[in-house]
Amino acid sequence: MSPRKDEIASIIKQQIRDLGADLAMEEVGVVVEVGDGIARVWGLRSAMASELLLFPGDIYGLVLDLAEDSVGVALLGPDQEIKEGDEVRRTGRVLETPVGRRFLGRVVDPLGRPLDGGDPVQPEGHRKTDEKAPGVIMRQPVDTPLQTGIKCIDALTPIGRGQRELLIGDRRTGKTAIVVDTIINQRDQGVYCIYVAIGQKSSTIAKVVDALRRYDALGHTIVVAAAAEDPTPLQYIAPYAGCAMGEYFRDRGEDALVIYDDLSKHAVAYREISLLLRRPPGREAYPGDIFYTHSRLLERAARLADEYGGGSLTALPIVETKAGDITAYIPTNLISITDGQIYLEADLFNKGQRPAMNVGLSVSRVGGAAQVPAMKEVAGQLRLELAQYRDLAAFAEFAQELDEASQAQLARGERVMEILKQDQYRPMPVEEQVAILYVAVSGYLDDIPVEAVNAFEQGFLASLREGHPEVLAELKRQRRLTEGVRAGLEAAIAEFREGFRA
């Protein structure tokens, strides 16, 4: 018996209802041009700025240029396998950086992929790579020291948590050595460090990682590496990715330090991308928004107000000069953005002054607000001694004879400069810095030969640790030069000077 028509109709309707097919619209573009890490894609009319696009071979690209009929895309991977006519798909996501504590102790690229041979890192979340900086209301003044462990910096150009202090100097003047020592000194300070290597040689990055591992500093550090052989777009996004990783700690009420080594190479990478995207060149062929490129990065460093968690992100950008010219385009841009600069001079470095900091051209615009009271007291006298020494040294080059007072001032200045020398990988606790600088500015080194100053410093600090630990403990606890601390220091100095032989 044949089935009835209404039964057939009901069966067909039920099958249609059960089919559940959803129609989805997908925007697909086509590569019309590719080369030098840049692709031009036609057909993605709804693409957003900074959106991630997916190319064949699971290679991602970052939308940087929105033209009327096409988009310019920076490829975050090798472009050898991408060719004209390839399909490109939108992801609907802007560039994000994986973040979390699991990245501590690891070496990763700007996309969070491991470079140290370890297992992939499971992130605890994602943040926008190019996040907006905190507003004025969300910030509070910088008044908590971030100790670098380096005498001349902590005394003369103090760095506070939430500050941006520029390290500037020619190549091979010790810029990276200073930031490595600073990372080592944060070992017991509760500060997480992010070291961003931009356009460095792989061997140089490996040396930094090895030094951090040897001095037990890798455990509180994330190394974000975009080496010289990596695609230019990866070098461009590296500092933003490192900053996002630091903001993860800042927004949880903790303290973080991010180091950009260095922004000269970052500017060159951005210039290369901009020229390939056919953007109009400006001064030194840099694009017109190069200042904004760095300012929106460095403004993300801040100390948040207590109602926003009270965390901080401190930035130590590095910029390389050519032949000591700090008036070049990128250095002057960065000097105007940051809260001070530490200028390392090649002549001082070659004379054996390490760190080779030019105390006349170096400045911290936060000043004594980021110093403990004891350091502020000895640093004030130290600045006065060095200023008088610089003036007299310049005058002594032309004068044949100097009076006794001037000669004594010159002699003290030489010994103060000697005491500011410091070996690499030897960061010093702030209480020991205060103790030895107190010795220098109080005139107790005036009768010590210059060549014996270093031996005096090592011996005195050793005797202070062993024979008078209560003085250092009191100084660390009180953080100021009380009458008891002064008396203890004077007694320790007198005792050591009696037995010291140059």
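Side chain of Q422 to backbone of G149: a donor-acceptor contact under 3.5 angstrom is found. Judged purely by atom type and a 3.5 angstrom limit, S364 uses its side chain to pair as donor or acceptor with the backbone of P158. The closest donor-acceptor contact from the side chain of R102 to the backbone of V121 lies at 3.5 Å or more, if one exists at all. With hydrogens and angles disregarded, no donor-acceptor distance shorter than 3.5 Å links the side chain of E457 to the backbone of I436. The backbone N or O of Q424 lies less than 3.5 Å from no partner atom in the side chain of D181, so there is not a single donor-acceptor pair. Formation of a donor-acceptor pair under 3.5 Å by the R354 side chain with backbone atoms of F349 is found in this model. In terms of modelled atom types and a separation under 3.5 Å, the side chain of Q371 and the main chain of A155 share a donor-acceptor contact. Not one N or O on the side chain of E432 forms a donor-acceptor pair closer than 3.5 Å with the backbone of L461. Of the possible polar contacts, one joining the K151 side chain to the K421 backbone as a donor-acceptor pair under 3.5 Å is found. Between the side chain of Q341 and the main chain of L361, a donor-acceptor pair closer than 3.5 Å is present.
To the nearest 0.5 Å, the span separating CD1 on I178 from OG1 on T173 amounts to 8.0 Å. C243 SG to Y240 OH: the interatomic distance, rounded to the nearest 0.5 Å, is 9.5 Å. How far OH of Y192 is from CD of Q186: 12.5 Å, rounded to the nearest 0.5 Å. With rounding to the nearest 0.5 Å, the separation of CG in L276 from CD1 in I273 is 8.0 Å. L234 CG to L75 CG: the interatomic distance, rounded to the nearest 0.5 Å, is 10.0 Å. In this structure, CG on D251 lies 9.0 Å from CG on L313, to the nearest 0.5 angstrom.
For Y425, the ring pair (Phe, Tyr, Trp, His ring centres under 6.0 Å) partners two or more places apart in sequence, or in a different chain, are Y215.
Across every non-hydrogen atom of P331 and V319, the tightest pair is CG-CG2, 4.2 Å. Closest approach of G242 to V196, counting heavy atoms only: CA-CG2, 3.8 Å. Looking at every heavy atom in both residues, L275 comes nearest to A285 through CD2-O, 4.1 Å. Here the shortest heavy-atom pairing between A435 and L464 reads CB-CD2, 3.7 Å. V363 and E165 get closest at one heavy-atom pair: O-OE2, 3.0 Å. Taking both residues in full, the closest heavy atoms of Y248 and R127 are given as N-CD, 4.1 Å, listed atom of the first, atom of the second, then distance.
Looking only at side-chain heavy atoms (C-beta outward), M357 and L344 come within less than 4.5 Å of each other. You'll find the side chain of T293 reaches within 4.5 Å of the side chain of H266, heavy atoms only. With a 4.5 Å cut-off on side-chain heavy atoms, F103 and V224 do not count as touching. At a threshold of 4.5 Å between non-hydrogen side-chain atoms, the residues L386 and L156 count as touching. Side-chain atoms of V430 and D154, non-hydrogen and from C-beta on, never get closer than 4.5 Å to each other. A heavy-atom distance below 4.5 Å is found between the side chains of V268 and Y286. Contact of the V63 side chain with the V41 side chain is not registered, since no non-hydrogen atoms from C-beta on lie closer than 4.5 Å. Taking 4.5 Å as the limit, every side-chain heavy atom of P123 sits out of range of all side-chain heavy atoms of V99.
Looking at D255 and R303, no side-chain N of the basic residue comes within less than 4.0 Å of a carboxylate O on the acidic one, giving no salt bridge. In this structure, E284 does not pair ionically with R271, as no charged nitrogen and carboxylate oxygen lie closer than 4.0 Å. We find that D216 and R187 are not joined by a salt bridge, their nearest charged nitrogen and carboxylate oxygen being 4.0 Å or further apart. For E51 and R90, the salt-bridge test passes: some basic side-chain N is under 4.0 Å from an acidic carboxylate O. A salt bridge links D262 and K265; the closest N-O separation between the charged side-chain nitrogens and carboxylate oxygens is under 4.0 Å. A salt bridge is defined here as a Lys NZ or Arg NE, NH1 or NH2 lying under 4.0 Å from an Asp or Glu carboxylate O, and E124 with R252 fails to meet this definition.
Sequence neighbours left out, not one pair with a member in residues 307-327 passes ring-ring contact (aromatic ring centres under 6.0 Å, His included). For the side-chain hydrogen bond (donor to acceptor under 3.5 Å, both in side chains) condition, the pairs that include at least one residue of residues 314-324, sequence neighbours left out, are D170-T321.
Residues T148 and N185 have side chains that never bring a donor and an acceptor to within less than 3.5 angstrom of each other. Of the N and O atoms on the side chains of T176 and Q200, not one donor lies less than 3.5 Å from an acceptor on the other residue.
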Side chain to side chain contact (heavy atoms under 4.5 Å, CB included) between L95 and I237, intermediate numbers included
CA-CA 9 Å; L95 184 63; I237 68 169; 3.9 Å; yes
Evaluate F249 against L104 for side chain to side chain contact (heavy atoms under 4.5 Å, CB included), listing each step before the verdict.
CA-CA 11 Å; F249 299 105; L104 292 169; 4.1 Å; yes
Using the salt bridge (Lys or Arg N to Asp or Glu O under 4.0 Å) rule, take E131 and R250 through it: C-alpha gap first, then chi angles, then the decisive distance, then the call.
CA-CA 13 Å; E131 186 67 84; R250 182 199 69 189; over 6 Å; no
Step-by-step side chain to side chain contact (heavy atoms under 4.5 Å, CB included) determination, I168 to L334:
CA-CA 10 Å; I168 183 169; L334 289 167; over 6 Å; no
Side chain to side chain contact (heavy atoms under 4.5 Å, CB included), that's the test. Do V378 and L481 meet it? Break it down for me.
CA-CA 9 Å; V378 296; L481 287 170; 3.8 Å; yes
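By the neighbour-count criterion of 12 heavy atoms within 6.0 Å, atom CG of D119 is sparsely surrounded, having that number or fewer from other residues, nucleotides or ligands. A 6.0 Å sphere centred on CG of D116 holds more than 12 heavy atoms belonging to other residues, nucleotides or ligands. Within 6.0 Å of CZ in R278 there are 12 or fewer heavy atoms belonging to other residues, nucleotides or ligands. Counted within 6.0 Å of CD on E81, heavy atoms from surrounding residues, nucleotides or ligands total 12 or fewer; the atom is thus considered open. Dense packing is recorded around CZ of R465, with more than 12 heavy atoms of other residues, nucleotides or ligands lying under 6.0 Å away. Environment of CZ in R365: crowded, with over 12 heavy atoms of neighbouring residues, nucleotides or ligands closer than 6.0 Å. Annotation for R426: atom CZ does not count as buried by contact number, only 12 or fewer foreign heavy atoms lying within 6.0 Å. Other residues, nucleotides and ligands contribute more than 12 heavy atoms inside 6.0 Å of the CZ atom of R296.
Applying side chain to side chain contact (heavy atoms under 4.5 Å, CB included) to Y60 and the options L111, L53, T91 leaves one that passes, T91.
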